[in-house]
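Following: one structure in structure tokens, then a few remarks.
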Amino acid sequence: MVRVIGFLVGLGFVVVLGYSLIVGAIAYFTEEESGPTSYDYHLYAQDVSFPSDGPLGRFDRQQLQRGFQVFREVCAACHSLEYVAFRNLTEIGFTEAEVDAIADQWPIQVPTVDENTGEETTRNAVPADNFPRVYANEVAGRAANNNAYPPDLSLMTKARGEGAAYLYSLLVGYQDPPADLPEEFLPTTGLYYNPYFPNLNLAMPPALFPDQVTYADGTEATVQQMAWDVTAFLIWTAEPRMEARKATGWAVLIFLIFATVLAFLSYKNVWRDQKH
Amino acid sequence: MSFPWAEQYTPKNPFMKWMDERLPIPRLVYNSVGAGYPVPRNLNYFWNFGVLAGLALMIQIVTGIVLAMHYTPEAGMAFASVEHIMRDVNSGWLLRYLHFNGASFFFIVVYIHIFRGLYFGSYKAPREMVWLLGVVILLLMMATAFMGYVLPWGQMSYWAAQVITGLFAAIPLVGESLQQWLLGGFAPDNATLNRFFSLHYLLPFVILGCIILHIWALHLPGSNNPTGIDVKGPQDTIPFHPYYTAKDGFGAGVFLIALAIVVFFAPNFLGHADNYIEANPLSTPAHIVPEWYFWPFYAILRAFTVDFILEAKLWGVIAMFASIIVLFFLPWLDRSPVRSGTFRPKFKIWFWVLVVDIIALAYLGGAPAEEPYVMFSQIATIYYFAHFLIILPLISRTERPLPLPNSITEAVLGKDKTTAQPVAAE
């Protein structure tokens, strides 16, 4: 009985699916060739590597500090870094005095309450604060940016499928649209053509120009250099514990391999006179 | 429990004797996973995966309890509290990556465990209850994993909650009320997050209870083995401890090495980038996909594209649930008296087709819902149901199984003889 009912149920699914399949196949094979889509002009992220790549990769602190400089002087005008605190900057080689100064001089103040009157006011940031938001809320952010809200950058390299390479490609990828680009994909007012962006037109204007920042260590501030540095900095903000993770990983792996070899030898020893 | 020749527990010191007369927990452990449980001597490495699944559950429970101490189940704070765990909690990144990847590894070992049962006929009499409890555990695991995925309150969390509860909305008449009841509102929000957190904490302990029943039901007939034939006497078995505890220790080591490689060197490989964007009800991701371990079922859900008496969406929901429900009937669909696929020439071929079919479904479930993927998932779904409901019942009638060995011991010694021959020829 179970098998008879099962057979009928199975047959039912096969018939319905077969019907769906035939309808879908007819539609697929009779479909007319449609024109080019934005996919046809989209480019995959450039092949770029960072010192933190790979199981042995570590952050280059000099580079992270340069990247922070680019963030502070360029990106921070519009983008926030909500999940990172000023105190975390000591991890990339700034001294406590430098962090104090960075926090104190940060152009955006932190909301607080006046001790005497209880009224809402603002104060200078301290190292314990997270980086303050640029806009009070999303509506304010959209109002100031032609209705495009600049996203928070704390997790950006983890929040895109192509990761850090995508971010780098986007920063260096602004260019004139190709001549054969169909009209519907041409950037309209307030949009900029960038083939690394999935729908080709990005609301963020090109942000980096040669020598836009002056690096203290004398590195030449080309667009590629600044994009590379700020992307490295954002890899760090997305995962500040990466070095601890990899170092712990090697210790755990060495221990586990040793323990597993011992476990294998004891297994063979226990079973030595068992036929199996 | 178990066979008459099982070794008996004898307390070795006065305290254990005192304990044994009042609360015989040491005896229970001895009879369950100690020398008191006789196990076929010929188990291969695929029999390690039951213990590994138990280990994976323990890792999930321990890391989960500690994570819950630092996590905030509130829609406005959940995402930030996960970042707090990743950045500011001591070794919080380790706990979270272990828990997140541990779920994937739990499914990997459970899927291998299930395929082992399918191939060697572990679902057949007298182990039907073991199999049925196993399917219940699988369903509970899926519910737990889904609700856990919602907790970080990223984009994929939010939209997974929307899509999965939306499946219930396909049910005629009561569907929409049912979805609102599940969500506690018209869309996923704080009420949803709170109840999912509560259930995500509860269900693993329900799973633990089911595992105890699963093992209890297993220990009455004892473990199956690669030949699928019954244990005939003491010469066919060896005690669980030390033989299989030693083997499981080695298996656990290999499992932990694989887990460590992913946790420490590719912790986000099995996840989706969009879940590092905070949930935003106003922005739908381009491709909403569940976690990889749901991909085969997601492919079945999306394979139904044309209304046929019922709405296509409802067909998809019915088929997706049916794809698991059908496993409950497996012991009665496959009536071949031979358990092990080793001795079933036709079954063996169809089994491997099923394995390929499910891997294909997994790939298609992760692919975008476009042609030609949809057509392939329709073909693969047809095979999935045909395998269990049409092919298995038919081949168990028509197939002529190979001759079975007389006993496990004979099978073991026979194998030994063939390997010994070239040595003798020297």
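Chain letters run A, B, ... following the sequence lines, proteins first and then strands; every chain starts at 1. The figures that follow rest on heavy atoms only: side chains count, while hydrogens, waters and symmetry mates do not. Because the structure is predicted, anything quoted here is derived from the model rather than measured.
Of the atoms belonging to B:Trp332, heavy atoms from both backbone and side chain fall under 4.5 Å from chain A. Within the 4.5 angstrom heavy-atom criterion, only side-chain atoms of B:Glu278, from C-beta onward, approach chain A. With a threshold of 4.5 angstrom between heavy atoms, A:Ile257 approaches chain B through its backbone and through its side chain. Contacts of A:Leu11 with chain B are made by both backbone and side-chain atoms, with heavy-atom separations under 4.5 Å. Only the side chain of A:Leu253 comes within contact range of chain B, with heavy atoms under 4.5 Å apart. Contact of B:Tyr383 with chain A is not made at all, since no heavy-atom distance falls under 4.5 Å. Only the side chain of A:Pro240 comes within contact range of chain B, with at least one heavy atom under 4.5 Å from a heavy atom of that chain. In this structure, chain B has heavy atoms under 4.5 Å from both the backbone and the side chain of A:Ala244. For A:Val9, the parts lying under 4.5 angstrom from a heavy atom of chain B are both the backbone and the side chain. Neither the backbone nor the side chain of A:Ala259 comes within contact range of chain B; no heavy atom of the residue lies under 4.5 Å from a heavy atom of that chain. For a residue to count as touching a neighbouring chain, one of its non-hydrogen atoms must lie under 4.5 Å from one of that chain's; by this rule A:Tyr28 touches chain B with the side chain only.
Contact annotation: the side chain of B:Ile277 approaches that of A:Arg160 to within less than 4.5 Å [non-hydrogen atoms, C-beta and beyond]. The closest side-chain heavy-atom distance from B:Arg87 to A:Ser154 is below 4.5 Å. In this structure, B:Tyr244 and A:Tyr267 have side chains that are not in contact, with every pair of non-hydrogen atoms separated by 4.5 Å or more.
When all heavy atoms of A:Gly18 and B:Ile382 are compared, the pair lying nearest together is N-CD1, 3.9 Å. When all heavy atoms of B:Ala260 and A:Leu256 are compared, the closest pair comes out as CB-CD1, 3.9 Å.
Ring-plane geometry between B:Phe385 and A:Phe13 is classed as parallel, the angle between the planes falling under 30 degrees on a 0 to 90 degree scale with a further cut at 60.
Close approach to chain A, defined as a heavy atom under 4.5 Å from one of its heavy atoms, is seen in B:Val306, B:Asp307, B:Phe308 of residues 306-313 of chain B, taken by number. Near-neighbour residues of residues 248-257 of chain B relative to chain A, defined by a heavy atom under 4.5 Å from a heavy atom of that chain, comprise B:Gly249, B:Phe250, B:Gly253, B:Val254, B:Leu256, B:Ile257.
Listed for the A:Arg241 side chain is no donor-acceptor partner under 3.5 Å among the backbone atoms of B:Trp93. The closest donor-acceptor contact from the side chain of A:Arg245 to the backbone of B:Val263 lies at 3.5 Å or more, if one exists at all.
A salt bridge is absent between B:Asp334 and A:Arg3; no separation between the charged side-chain nitrogens and carboxylate oxygens falls under 4.0 Å.
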